[in-house]
Amino acid sequence: MRVLGISGSLRAASFNSALLRAAIRVAPPEVALTIFEGVGQLPLFNPDLEARLPPQVKALHAAVAASDALLLASPEYAHGVTGTIKNTLDWLVSFEPFVYKPVAVLNASPRAHHADAALRETLKTMSAVIVEAASISIPLLGANLTEEGMSQDPMVYPAVRRSLLALYEAVVRGRCEEGSASPLS
Ligand SMILES: Cc1cc2nc3c(=O)[nH]c(=O)nc-3n(C[C@H](O)[C@H](O)[C@H](O)COP(=O)(O)O)c2cc1C
């Protein structure tokens, strides 16, 4: 299963980006996780640009289309989502391959519940399938863990691995349901 990780933080020392990189380290063999590194290069969303997509947006679309599921990790800014993650999602609103895409939402700060709720609302509106079993909160702020530390931490490591396995199961289940629905219906 191909999973595309997207961080909503551009900060070099971002906990959310480190969590996604740690997830690559702990991913089970069934999961090939890559991170879309181009969120900071995306232009601000403008519907006028949709007729002739900028190359950075084409790269985002290609990465999303090639993935079976998405893994999002994004901080809360002023009780909302970051402009970075919202801008990235806005470029996916009219993008057909995003519809019904299984998505897991990682929250690196349980106190950031406003952004978590807003992100879920946006994803639901965009017809993503939020995989609840794979969407987890992990208290990483103040834990001072590097990406390597996260991938070895006795709380973080199993939680992230379970999340990826739950995402994998959801994707496989979705494929089975599609397969069983098509021949007779
Ligand atoms: C401009 C700004 C606004 C923030 N607003 C909130 C907030 O409303 N709630 C919160 O829990 N944390 C808030 N924070 C703290 C961030 O969630 C925290 O710095 C987090 O580490 C950022 O994620 P990152 O490490 O992935 O960059 C804010 C941080 C910044 C820079």
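Order of listing sets the numbers, starting from 1, for every ligand and every atom in it.
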Next item on the list: Sort out the contact shell of ligand 1: every protein residue with a heavy-atom distance below 4.0 Å, listed by chain and number.
Entry: Ser9, Arg11, Ser14, Phe15, Asn16, Pro75, Glu76, Tyr77, Ala78, His79, Arg111, Leu141
Checklist line | Under the side-chain hydrogen bond (donor to acceptor under 3.5 Å, both in side chains) test, residues paired with Glu30 that sit two or more places apart | finding: none
Next item on the list: For Arg162, check side chain to side chain contact (heavy atoms under 4.5 Å, CB included) against everything at least two apart and list the hits.
Entry: Pro158, Ala159
Without placing hydrogens or testing angles, list every side-chain donor-acceptor pair under 3.5 Å for residues 126-143, not counting sequence neighbours.
from   : atom 1 : to     : atom 2 : distance (Å)
Glu132 : OE1    : Arg120 : NH1    : 3.0
Glu132 : OE1    : Arg120 : NH2    : 3.4
Glu132 : OE2    : Arg120 : NH1    : 2.8
Ser135 : OG     : Val105 : N      : 3.0
Ser135 : OG     : Val131 : O      : 2.9

Notebook entry, point to check: Are the side chain of Ser14 and the backbone of Ser17 linked by a donor-acceptor contact shorter than 3.5 Å?
Noted result: yes
Notebook entry, point to check: Where the side chain of Trp91 meets the backbone of Pro43, is there a donor-acceptor pair that is under 3.5 Å apart?
Noted result: yes
Item checked: Residue pair Val99 / Pro97, side-chain heavy-atom distance below 4.5 Å -> no
